[in-house]
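Take a look at the structure below.
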Amino acid sequence: MDGEELTEQETALYDRQIRVWGADAQRRLSKSHILVCGVKGTVAEFCKNIVLAGVGSLTLVDDRVVTDEALFSSNFLIPPDENVYRGKMLAELCCDSLKDFNPMVRVSVEKGDVSGFDGEFFNKYDVVVVSCCSLVTKKSVNEKCRKLSKHIAFYTVDCRDSSGEIFVDLQDHIYSKKKLEETVECKLQYPSFEEAISVPWRALPRRVSKLYFAMRVIEKFEAEGRHPGDVSIADLPDVLRLKKELCEANSLNESHIPDALLERLVTGTREFPPVCAVIGGILGQEVIKAISGKGDPLKNFFFFDAVDGKGIIEDISISNPKSGS
């Protein structure tokens with residue numbers, strides 16, 4: 001992301017942002033390359049935000065064909081005209097819509113299944129965001145990014161009904177922040193996605209977000225033969241049975257994963273638009289912080305639930321299994 005300075009046109013277009021976070025941060029944004037896999041409502045919000053912020057390029061991966069059901073989702077990038085969306089892939093349709101937000105950002109589509117891309121494919125990007133994918137794919141893509149010599153910021157995002165989760169892996173991240181009247185350099189070390197979710201539940205403090213455990217139960221259930229998000233109320237007995245097994249195996253009291261919360265997650269398969277705006281907005285801010293190297297980044301989970309209106313940060317790793325705020 002080092003190299004060319006901002007052009008006169010970029011300086012004029014992003015003048016207000018430059019006043020907020022400085023010309024160097026905007027230059028880094030304008031030279032960054034973002035890969036997004038899986039485009040639903042939350043990701044649509046995120047894409048809109050970073051395109052408006054002025055990233056260099058955004059590449060979308062999602063070969064799913066747009067259906068009538070998708071039209072009633074929270075993805076505002078899908079035009080309501082059947083003649084426009086009929087037979088098109090989600091990535092293609094969202095790409096066309098995003099180009100209208102900022103013509104200075106290069107928005108493109110990459111066809112294929114992200115789980116089949118080799119490690120070198122990800123070397124072209126500075127940030128990789130995955131959504132709507134399996135547990136195996138999350139682990140695989142994260143590990144491929146970590147094996148490259150280039151430090152790639154990796155994120156997963158999942159929104160279900162009125163709640164959602166963001167996971168962040170910035171590997172060894174160096175950033176600057178203001179402390180009193182001076183700017184200090186800080187460093188954070190992140191675990192991989194697999195390392196983070198492998199921390200024994202009994203090693204976590206009691207106040208860890210209930211959403212953390214609930215998301216792991218749903219994730220595990222889907223990994224046993226379902227497509228991501230392909231659950232319904234009919235699956236609740238099996239999900240509750242799996243919860244009981246996981247709690248017993250991890251010496252965790254079942255009250256840490258309320259049945260009502262799991263019921264809400266399996267029943268509300270559609271995203272709640274206001275929650276998409278919140279989580280997509282947080283994700284956009286975190287990616288901007290990672291690219292610019294300015295400000296305290298999130299480490300390493302973020303949870304939001306519209307039921308209580310709380311956003312919670314949890315730092316979950318083997319070396320530091322403690323909750324945040």
Side-chain angles (χ1 to χ4, degrees), residues 38-47 49 70 72-76 129-135 138 155-168 193 196-197 199 201 204-223 226-236 238-240 242-243 246-247 252-287 298-316 323-325:
V39 189
K40 291 179 69 177
T42 303
V43 171
E45 286 281 355
F46 163 71
C47 290
N49 292 338
F72 297 100
S73 71
S74 52
N75 187 343
F76 59 86
V129 177
V130 298
S131 181
C132 315
C133 64
S134 67
L135 174 62
K138 291 177 187 177
Y155 301 81
T156 71
V157 59
D158 190 4
C159 180
R160 295 167 186 265
D161 188 55
S162 56
S163 60
E165 169 190 86
I166 297 172
F167 167 78
V168 182
F193 179 71
I197 65 171
V199 175
W201 289 1
L204 300 173
R206 291 189 176 186
R207 61 194 179 103
V208 166
S209 171
K210 291 177 171 56
L211 267 173
Y212 172 76
F213 300 114
M215 287 292 194
R216 305 288 74 80
V217 172
I218 299 294
E219 204 171 52
K220 176 76 172 175
F221 179 76
E222 291 178 345
R226 295 296 182 88
H227 292 294
D230 186 19
V231 291
S232 68
I233 190 62
D235 295 310
L236 185 59
D238 291 331
V239 171
L240 294 178
L242 177 61
K243 179 197 86 165
L246 291 175
C247 285
L252 183 76
N253 191 305
E254 289 185 47
S255 64
H256 283 275
I257 317 176
D259 290 355
L261 175 57
L262 286 173
E263 181 176 355
R264 183 152 54 89
L265 294 179
V266 300
T267 304
T269 55
R270 288 181 178 174
E271 298 168 300
F272 190 40
V275 176
C276 293
V278 172
I279 298 177
I282 295 293
L283 181 57
Q285 291 175 4
E286 289 304 315
V287 167
L298 187 158
K299 182 175 185 288
N300 55 343
F301 282 92
F302 173 79
F303 299 95
F304 178 78
D305 195 337
V307 170
D308 57 19
K310 291 182 180 179
I312 300 175
I313 296 172
E314 302 285 8
D315 182 356
I316 297 177
S323 65
S325 59

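Along the sequence shown, the residues carry numbers beginning at 1. Just so you know, these numbers use all the heavy atoms, side chains as well, and skip hydrogens, waters and symmetry mates. The structure displayed is predicted, hence computed values, not measured ones.
- The distance from the CD1 atom of I279 to the CG atom of D158 is 8.5 Å, given to the nearest 0.5 Å.
- Pairs passing the side-chain hydrogen bond (donor to acceptor under 3.5 Å, both in side chains) check and including a residue from residues 303-313, sequence neighbours excluded, read R264-D305.
- Within the 4.5 Å cutoff, the side chain of T267 has no heavy atoms near those of the D161 side chain.
- In this structure, CZ on F301 lies 6.0 Å from CZ on F193, to the nearest 0.5 angstrom.
- Among all heavy-atom pairs drawn from N75 and V39, the shortest one is ND2-O, 3.5 Å.
- With sequence neighbours excluded, the residues forming a salt bridge (charged side-chain N to carboxylate O under 4.0 Å, His left out) with E45 are K48, listed by chain and number.
- Nearest heavy atom pair, residue N253 against residue C247, reads O-SG, 4.4 Å.
- Here the CE atom belonging to M215 is positioned 9.0 Å from the OG atom belonging to S209, to the nearest 0.5 angstrom.
- Rounding to the nearest 0.5 Å gives a distance of 9.0 Å between CG of N49 and CG of L283.
- Shown here for P273 and S74, the closest heavy-atom pair between the two residues is CG-CB, 3.8 Å.
- For E222, the side chain to side chain donor-acceptor pair (under 3.5 Å) test picks out R160, with sequence neighbours left out.
- In this view, F221 satisfies the ring-ring contact (aromatic ring centres under 6.0 Å, His included) rule with no residue, not counting sequence neighbours.
- Of all the heavy atoms in H256 and L252, the pair that sits closest is CD2-CD1, 3.7 Å.
- In this view, A214 and I257, L261, L262, L265 satisfy the side-chain contact (heavy atoms from CB on, under 4.5 Å) rule, not counting sequence neighbours.
- For D235, the salt bridge (charged side-chain N to carboxylate O under 4.0 Å, His left out) criterion is met by R226, not counting sequence neighbours.
- Residues satisfying the salt bridge (charged side-chain N to carboxylate O under 4.0 Å, His left out) test with E219, not counting sequence neighbours, are K138, R216.
- Under the rule for a side-chain contact (heavy atoms from CB on, under 4.5 Å), the partners of A223 that lie at least two apart in sequence or sit in another chain are L135.
- A search for side-chain contact (heavy atoms from CB on, under 4.5 Å) contacts involving P274 returns F272, not counting sequence neighbours.
- Shortest non-hydrogen contact noted between T42 and C159 is OG1-CB, 3.1 Å.
- From I218, atom CD1 reaches atom NZ of K243 across 11.0 Å, with rounding to the nearest 0.5 Å.
- For S131 (side chain) and V157 (main-chain N/O), a donor-acceptor pair under 3.5 Å exists by modelled atom type.
- Remark: C276 SG to R270 CZ distance equals 12.5 Å, nearest 0.5 Å.
- Evaluation of the side chain to side chain donor-acceptor pair (under 3.5 Å) rule for S232 yields no partner, not counting sequence neighbours.
- Shown here are the side chain to side chain donor-acceptor pair (under 3.5 Å) partners of D230, two or more places apart in sequence or in another chain: there are none.
- Panel note: side chain E165, backbone L211; no donor-acceptor pair is recorded below 3.5 Å.
- Judged by distance alone, the side chain of E286 and the main-chain N or O of L298 form a donor-acceptor pair under 3.5 Å.
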### Query
When you look at I282 and F304, which way does the side chain to side chain contact (heavy atoms under 4.5 Å, CB included) test go after all the steps?
CA-CA 10 Å; I282 295 293; F304 178 78; over 6 Å; no
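- Every side-chain contact (heavy atoms from CB on, under 4.5 Å) that N300 has, sequence neighbours left out, goes to F167, Y190, P191, A196, D315, I316.
- Between I313 and K299, the closest heavy-atom pair is CG2-O, 3.6 Å.
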